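Keep in mind the model is a prediction, meaning the values are calculated, not measured. We name chains A, B, ... by the order of the sequence lines, and we start the count at 1 in each one.
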Amino acid sequence: MSVRLTEAPFDPGAELTAFTAGRTETGAVATFTGIARAEAGATAILELEAYPGFTEAEIGKIAQQARARWDLHDLMILHRVGQIAPGEPIVFVATAASHRRAAFEACDFLMDYLKSRAPFWKKEHGPDGRRWIEPTAQDHADRDRWD
Amino acid sequence: MARVLLFGPLRDLAGWREREVAATSLAELRSLLAAEDADLGAALGGKGVQIAVDQAIVRGDAPLTTRSEVAFLPPMSGG
């Protein structure tokens, strides 16, 4: 299991290749890649702040919940921090299980948590200045599906 | 001296991200910061602001040592 934050851009394809390598018994790997949106020019740069150590630990707790809830062989979460340009991958989640249902559901669960409650602070830099972003009602509703 | 960290909108409001403050409890630290900057003092007690001491969330007062790290965490935005 791995939870990592990175300031550098990453390649989701390379991450998937590394994650799936050597898995002769896994059967199913599900992934999600989130990509920073330009919002039709409204967002020039997304700035994501984390609390190093604390953020990974809090995400790790949810990863443990996913492992308790679904029979997973492995999972990984890779999240960008710092300045992110539109079109760049911002988050990559991969889950490995014997069968697809557990892999799909755990990946979905992890993303709903990451989008709504993970310890990040997000700021959009656009032509009209800067603004801090909070989770949407939809983000909260998506997470509440798992309660 | 406790190490104080501000995140997100609190950092913008205060104009600093990290500093050292001589305080032996969280309550003392908060009153020192509020005496210096009333707007920040109010924001630190604002809705949804959580406090972590040495990376663990605390509620109410807590003792601080010279090596304590105190983080004020405004509502989290998710990734």
Side-chain angles (χ1 to χ4, degrees), chain A residues 3-6 32-37 46-62 77-82 84 89-93 110-125 129-143, chain B residues 1-21 23 25-26 29-30 33 37-79:
Chain A
V3 175
R4 281 186 291 143
L5 305 180
T6 175
F32 177 86
T33 304
I35 298 170
R37 275 191 305 264
L46 201 60
E47 183 184 338
L48 210 59
E49 185 182 15
Y51 179 9
F54 180 83
T55 297
E56 292 97 318
E58 291 295 306
I59 295 172
K61 288 179 194 168
I62 297 302
I77 297 167
L78 177 59
H79 214 296
R80 282 285 299 280
V81 291
I84 301 149
I90 184 167
V91 59
F92 178 81
V93 174
L110 289 167
M111 273 313 304
D112 283 344
Y113 165 77
L114 285 166
K115 286 297 291 182
S116 61
R117 206 178 277 176
F120 291 105
W121 296 274
K122 186 159 51 176
K123 196 186 215 178
E124 275 180 3
H125 297 245
R130 303 165 181 189
R131 67 185 190 102
W132 290 97
I133 309 293
E134 296 209 354
T136 64
Q138 184 66 55
D139 289 333
H140 288 301
D142 286 344
R143 188 200 59 231
Chain B
M1 299 288 264
R3 185 164 166 247
V4 182
L5 305 174
L6 302 182
F7 289 90
L10 292 174
R11 168 180 35 109
D12 282 356
L13 176 70
W16 52 271
R17 177 194 193 89
E18 177 178 341
R19 56 180 283 197
E20 305 273 322
V21 178
S25 72
L26 199 50
L29 171 70
R30 293 182 62 159
L33 292 173
D37 182 339
D39 289 345
L40 178 62
L44 295 180
K47 188 165 172 280
V49 175
Q50 299 186 86
I51 302 172
V53 176
D54 296 328
Q55 304 218 340
I57 299 290
V58 299
R59 288 181 176 79
D61 200 9
L64 301 179
T65 71
T66 52
R67 285 184 308 233
S68 295
E69 179 180 276
V70 180
F72 291 92
L73 310 172
M76 294 155 185
S77 71

Among [range], which residues come closer than 4.5 Å to chain A, judged by heavy atom distances?
range	answer
residues 53-68 of chain B	B/Gln55, B/Ile57
residues 72-79 of chain B	B/Leu73, B/Pro74, B/Pro75, B/Met76, B/Ser77, B/Gly78, B/Gly79
residues 9-16 of chain B	B/Pro9, B/Arg11, B/Asp12

Of the listed residues (A/Glu47, A/Arg130, A/Lys122, A/Glu134), which shares the most heavy-atom pairs with chain B below a 4.5 Å separation?
-> A/Lys122
Side chain, backbone, both or neither: which part of [X] has a heavy atom under 4.5 Å from chain B?
X	result
A/Ala50	backbone
A/Lys123	side chain
A/Glu58	neither

Would you call B/Glu69 and A/Phe54 a side-chain contact if the rule is heavy atoms closer than 4.5 Å?
->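 The answer is no; the side chains never approach within 4.5 Å.
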Of all the heavy-atom pairs spanning A/Trp121 and B/Gly8, show the shortest one and how long it is.
-> CB-CA, 3.8 Å
How would you list all residue pairs meeting salt bridge (charged side-chain N to carboxylate O under 4.0 Å, His left out) that involve residues 70-79 of chain B, not counting sequence neighbours?
->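 Matches after skipping sequence neighbours: none remain.
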